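Labels below follow one simple rule: chain letters A, B, ... track the order of the sequence lines, proteins then strands, and each chain is numbered from 1. All heavy atoms count here, side chains included; hydrogens, waters and symmetry mates do not. Given the structure is predicted, the values throughout are model-derived calculations rather than measurements.
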There are 2 protein chains.
Amino acid sequence: MRIEDEIHQKNFKDDYRRLLANLLFTNNWLNQQLMPFFKDLGLTLQQHNVLAILRGQQPDPVCFGDIQNRMVDRNSNVTRLIDKLIEKGYVTRDICQTNRRMIEVRITEPGMRKLGQVDENFPKLFAKLHNLTQEEAVLVSNLLDKLRG
Amino acid sequence: MRIEDEIHQKNFKDDYRRLLANLLFTNNWLNQQLMPFFKDLGLTLQQHNVLAILRGQQPDPVCFGDIQNRMVDRNSNVTRLIDKLIEKGYVTRDICQTNRRMIEVRITEPGMRKLGQVDENFPKLFAKLHNLTQEEAVLVSNLLDKLRG
DNA sequence: GTACATTACTTGTATATACAAATATTCAAG
DNA sequence: CTTGAATATTTGTATATACAAGTAATGTAC
């Protein structure tokens with residue numbers, strides 16, 4: 001459905017304004033697909049992002065700063081995110097012995113199992129993006145890279 | 001900058017996962033451009049969105065439901081948004097006399113002037129989107145329309 | 001014309017976000 | 001070896017969001 005119809009706006013002053021509205025609207029649409037998906041699995045999008053980062057570095061730990069730099073959403077409060085993940089038993093935190101300002105975060109076995117469970121369900125999530133062909137997905141992605149400069 | 005470099009991830013399992021990360025990351029990037037822009041002008045993105053909708057219907061009023069349906073961000077709480085805009089003197093609210101469940105919202109003269117001030121500053125905001133050519137902007141926008149189905 | 005569903009908006013609340021200030025450790029200069 | 005700057009994380013707080021429940025007016029069936 002065209003963005004004009006989605007937000008009941010007949011036309012835009014120029015193509016950049018249409019793009020801006022479209023990016024914001026599409027992000028909202030995307031969040032409405034993602035939030036219930038992760039909620040059903042007992043995670044938030046950001047919590048999943050952290051777990052995936054930790055799995056990627058296994059068996060090495062990752063410190064808060066590195067987690068922040070690798071997150072898709074840079075505004076997340078890593079301290080509080082990790083608190084939640086510890087509550088759920090999916091990660092551990094230890095003070096780094098070589099630099100005691102830093103915190104070493106590691107994913108636990110239950111955390112790995114939870115990620116595995118998410119992976120099993122991913123196909124039904126990604127099915128929602130398959131209105132685009134693979135070539136179109138690559139094209140949009142590259143243009144977004146270009147947009148950010 | 002490629003999304004792989006932005007979030008320090010060597011590669012993605014497939015092009016749809018790369019697209020998903022890229023859409024979310026780009027939205028965060030976009031918000032970091034938009035938020036200070038509107039903050040400097042004493043508005044939030046959603047407040048501006050409402051004002052623009054009201055100007056579009058002038059001199060007719062717009063009810064809450066219609067505002068919601070035309071907003072880029074459908075999750076906004078229109079009641080509280082309007083409360084803020086009344087506080088600032090940019091809109092008025094009246095009970096609709098033909099259907100007293102409905103609220104008629106209208107933009108005020110100060111609201112129009114504020115919108116005018118935003119318009120004056122828009123070029124410097126949209127400059128940030130000009131890493132894409134006009135053709136590319138159209139292309140991305142159309143592909144986003146297609147993505148949502 | 002009364003009862004029940006529907007519509008339109010409001011309120012409450014738990015959680016999340018943005019952003020600034022605080023703490024605690026290490027580094028670096030003299 | 002002390003002082004001040006830099007780094008890494010934590011805490012505080014005001015505002016925003018998601019979502020469920022509440023209220024009030026209208027529509028509809030009998």
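- Without hydrogens or angle criteria, A:N22 side chain to B:S141 main chain gives a donor-acceptor distance under 3.5 Å.
- Taking the six-membered ring for Trp, B:H48 and B:F122 have ring centres closer than 6.0 Å.
- Along DNA chain D, read 5' to 3', the first and last nucleotides having any atom under 4.0 Å from a heavy atom of chain B are D:dA16 to D:dT26.
- Computed from C1' positions of five pairs at each end, the angle between the two local axes of the helix from C:dG1-D:dC30 to C:dG30-D:dC1 equals 10°, rounded to 10 degrees.
- Considering all non-hydrogen atoms of both residues, A:P36 and A:N31 come closest at CD-O, 4.1 Å.
- Of the residues in residues 79-87 of chain A, those lying under 4.0 Å from DNA chain C by heavy-atom distance are A:R80, A:K84.
- Partners of A:Q32 under the side-chain contact (heavy atoms from CB on, under 4.5 Å) rule, at least two apart in sequence or in another chain, are B:N75.
- Closest of all the heavy-atom pairs between B:I53 and B:I67 is CD1-O, 3.9 Å.
- A donor-acceptor pair is defined here as one N or O able to donate and one able to accept, closer than 3.5 Å; such a pair exists between the side chain of A:R148 and the backbone of B:M1.
- In this view, B:F64 satisfies the ring-ring contact (aromatic ring centres under 6.0 Å, His included) rule with no residue, not counting sequence neighbours.
- Sequence neighbours left out, the pairs with a member in residues 51-76 of chain A that pass salt bridge (charged side-chain N to carboxylate O under 4.0 Å, His left out) are A:R55-A:D119.
- Between B:Q9 and the choices B:N11, B:I7, B:D5, the side-chain contact (heavy atoms from CB on, under 4.5 Å) rule is met once, by B:I7.
- Listed in residue order, the members of residues 44-73 of chain B having a heavy atom less than 4.0 Å from DNA chain C are B:C63, B:F64, B:G65.
- Taking a 4.0 Å limit (strictly below) on heavy-atom distances, residues 23-42 of chain B does not reach DNA chain D anywhere.
- Here A:L139 pairs with A:L143, B:L139, B:L143 under the side-chain contact (heavy atoms from CB on, under 4.5 Å) rule; sequence neighbours left out.
- Counting non-hydrogen atoms under 4.0 angstrom, A:R74 reaches nothing in the nucleic acid.
- In this structure a side-chain-to-backbone donor-acceptor pair under 3.5 Å is missing from B:N49 to B:M71.
- Applying the salt bridge (charged side-chain N to carboxylate O under 4.0 Å, His left out) test to pairs two or more places apart or on separate chains, those with a residue in residues 16-38 of chain B are A:D145-B:R18, B:E4-B:R18, B:D14-B:R17.
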Return the polar atom pairs (N/O with N/O) between nucleotides 23-27 of chain C and the protein under 3.5 Å, or none.
residue	atom	partner	partner atom	Å
C:dT25	O2	A:R101	NE	3.4
C:dT25	O2	A:R101	NH1	3.2
C:dT26	OP1	A:R100	N	3.0

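- With hydrogens and angles disregarded, a donor-acceptor distance shorter than 3.5 Å links the side chain of B:E136 to the backbone of B:T133.
- A side-chain donor-acceptor contact under 3.5 Å links A:Y16 to the backbone of B:Q134.
- Where A:N77 and B:N75 each meet DNA chain D at their nearest nucleotide, the meeting point lying more 5' is that of A:N77.
- Contact detail for A:P59 and A:R106: the closest heavy-atom pair is O-NE, 4.2 Å.
- Proximity of a side-chain donor or acceptor of B:Q57 to a complementary backbone N or O of B:L54 within less than 3.5 Å is not detected.
- A side chain to side chain donor-acceptor pair (under 3.5 Å) check over residues 79-97 of chain B, counting only residues at least two apart or in different chains, returns the pairs B:Q47-B:K88.
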